[in-house]
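Only one structure is covered here, and it is reproduced in the block below.
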Number of protein chains: 2
Amino acid sequence: MELTGGRVRMTPGARRVVEAAERLFYAHGIHAVGVDLIAAEAGVTKKTLYDRFGSKEQIVVEYLAGRDERWRAFLAERLERLERPAAEARVLAVFDASREWSGEFGAKGCAMVNAHAEISDPGHPAYAVIAAQKTWMLELFTGLVREAGAEDADSTARALMLLHEGALVAHGLGMFPDPFAAARDQARALLGGVRRS
Amino acid sequence: MELTGGRVRMTPGARRVVEAAERLFYAHGIHAVGVDLIAAEAGVTKKTLYDRFGSKEQIVVEYLAGRDERWRAFLAERLERLERPAAEARVLAVFDASREWSGEFGAKGCAMVNAHAEISDPGHPAYAVIAAQKTWMLELFTGLVREAGAEDADSTARALMLLHEGALVAHGLGMFPDPFAAARDQARALLGGVRRS
DNA sequence: CCCCAAGTATACCGATCTGTATAGTGGACA
DNA sequence: TGTCCACTATACAGATCGGTATACTTGGGG
């Protein structure tokens with residue numbers, strides 16, 4: 001199975017497998033996509049696929065963990081662009097980044113939320129990846145809000161989290177146009193009305 | 001197939017099928033549950049199941065439409081409880097109702113969002129049910145906000161929608177305790193700060 | 001009394017599912 | 001030159017998938 005800290009060593013074939021899996025899992029759901037299709041789309045035999053990953057479950061883990069890694073790198077790059085940023089501007093930049101990301105890669109909403117809908121066993125290794133992603137986002141907001149000097153950083157961060165998750169869902173379901181702009185507006189109002197310590 | 005306006009005639013066996021399907025689909029996901037299991041859990045043969053529904057797809061439609069109906073009835077009952085209610089109180093009551101509903105039936109978040117994650121074909125009949133549910137909720141918020149006399153009812157309603165969807169997701173993933181209370185607090189602040197026409 | 005709707009019981013269909021087995025190929029590197 | 005390593009090709013196993021077929025039972029209403 002060739003693991004390195006729960007992750008798989010990414011040979012060229014393995015990388016193509018994860019890329020194909022990400023595209024197929026995200027578009028059609030995890031259970032709707034078989035390993036035969038993944039292998040075919042990756043231009044790889046099932047033998048190679050199982051030599052690298054050992055199980056479909058492990059491909060799911062790589063799919064989610066890889067996507068999370070890319071999102072974090074994407075977000076970090078967007079946050080570093082800001083020069084001498086006010087903390088409030090950094091919070092709003094998270095919504096802008098999410099809007100851009102979702103426009104490019106997020107037509108079906110949050111991959112973590114969607115995967116969670118298909119997994120019932122809390123012992124599934126993907127569960128930890130999903131939970132960690134949401135914890136990380138909440139802590140990101142908490143840190144940024146604390147920088148901004150808000151009185152109750154925890155509850156403010158949670159409110160931002162609700163707006164952000166709501167925007168992801170609204171975008172995925174096409175509830176109304178540009179939900180990230182709406183969420184960003186609310187976030188600004190929320191931060192503007194907050195008492196400073 | 002015995003349809004009545006796109007829906008199935010609910011004989012006793014058919015009702016048990018939908019009940020079993022709802023429990024299993026919601027807990028494990030749609031593609032993860034086979035019709036054999038549904039029939040067994042309903043105490044019904046596959047013959048009966050297919051005589052009533054004709055296809056698994058139709059069971060999915062009944063599952064979602066039935067759950068939506070129950071939610072709307074649940075919410076209507078909670079809203080009617082309020083006597084001589086201010087419109088703002090009615091908005092907050094939606095979040096209270098959602099909190100109560102989710103505590104009883106919503107451990108995995110929104111059934112519509114979860115189903116959407118597993119369906120890729122926009123022509124799937126369940127798609128219309130999902131979209132209609134979200135449209136209905138948005139219009140509900142819009143109507144309530146308009147009653148409250150807010151200046152920009154549409155954008156206020158969308159903000160409430162984001163908070164509500166965010167709370168459903170946060171609850172389903174267990175991101176932090178009592179997300180509906182947090183969403184309700186934000187909703188109140190949002191309504192309180194709104195300019196009246 | 002007889003019919004009909006709703007149901008049971010059971011067996012089957014072809015397709016697809018995850019996962020394994022066997023045998024062989026081509027390149028990099030020591 | 002020889003040995004790994006990543007990979008191809010193909011075939012197969014056992015289970016489960018959605019869906020169908022045949023034959024029978026039961027209870028209530030004209």
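No hydrogens, no waters, no symmetry mates; every other heavy atom, side chains included, goes into these values. Each chain gets a letter, A, B and so on, in the order its sequence line appears, and its residues count up from 1.
Atom pair Arg16(A):CZ and dA6(D):C1' shows a separation of 11 Å (rounding to whole Å applied). dG19(D) atom C1' lies 11 Å from atom CD1 of Ile59(B), rounded to whole Å. As rounded to whole Å, 11 Å separates atom P of dT8(D) from atom CZ of Arg52(A). Across the protein-nucleic acid pair, Leu24(B) atom CG and dC17(D) atom P stand 12 Å apart, rounded to whole Å. The NZ-C1' distance, from Lys56(A) to dT20(C), rounds to 17 Å in whole Å. Distance CZ (Phe53(A)) to C1' (dC7(D)): 14 Å, rounded to an integer number of Å. Atom P of nucleotide dT18(C) and atom CD of Gln58(A) are separated by 16 Å, given to the nearest angstrom.
In this structure, Thr11(A) reaches the sugar-phosphate backbone alone: every heavy-atom distance under 4.0 Å involves primed, P, OP1 or OP2 atoms, never a base.
The shortest distance between the side-chain N/O atoms of Lys47(B) and the OP1/OP2 oxygens of dT8(C) is not below 4.0 Å.
Residue-to-nucleotide contacts include a donor-acceptor pair under 3.5 Å from the side chain of Lys46(B) to the base of dG19(D).
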Ring pair (Phe, Tyr, Trp, His ring centres under 6.0 Å) assessment of Phe180(B) paired with Phe95(B): CA-CA 6 Å; Phe180(B) 291 101; Phe95(B) 286 88; 7.7 Å; no
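The shortest non-hydrogen separation linking Ala187(A) to Leu163(A) is N-CD1, 3.8 Å.
Ion pairing between a basic and an acidic side chain is recognised when a charged N comes within 4.0 Å of a carboxylate O; Glu22(B) and Arg70(B) show such pairing.
Judged by a 6.0 Å distance limit and a 45° cone about the ring axis, Arg67(A) is positioned over the six-membered ring of Tyr26(A).
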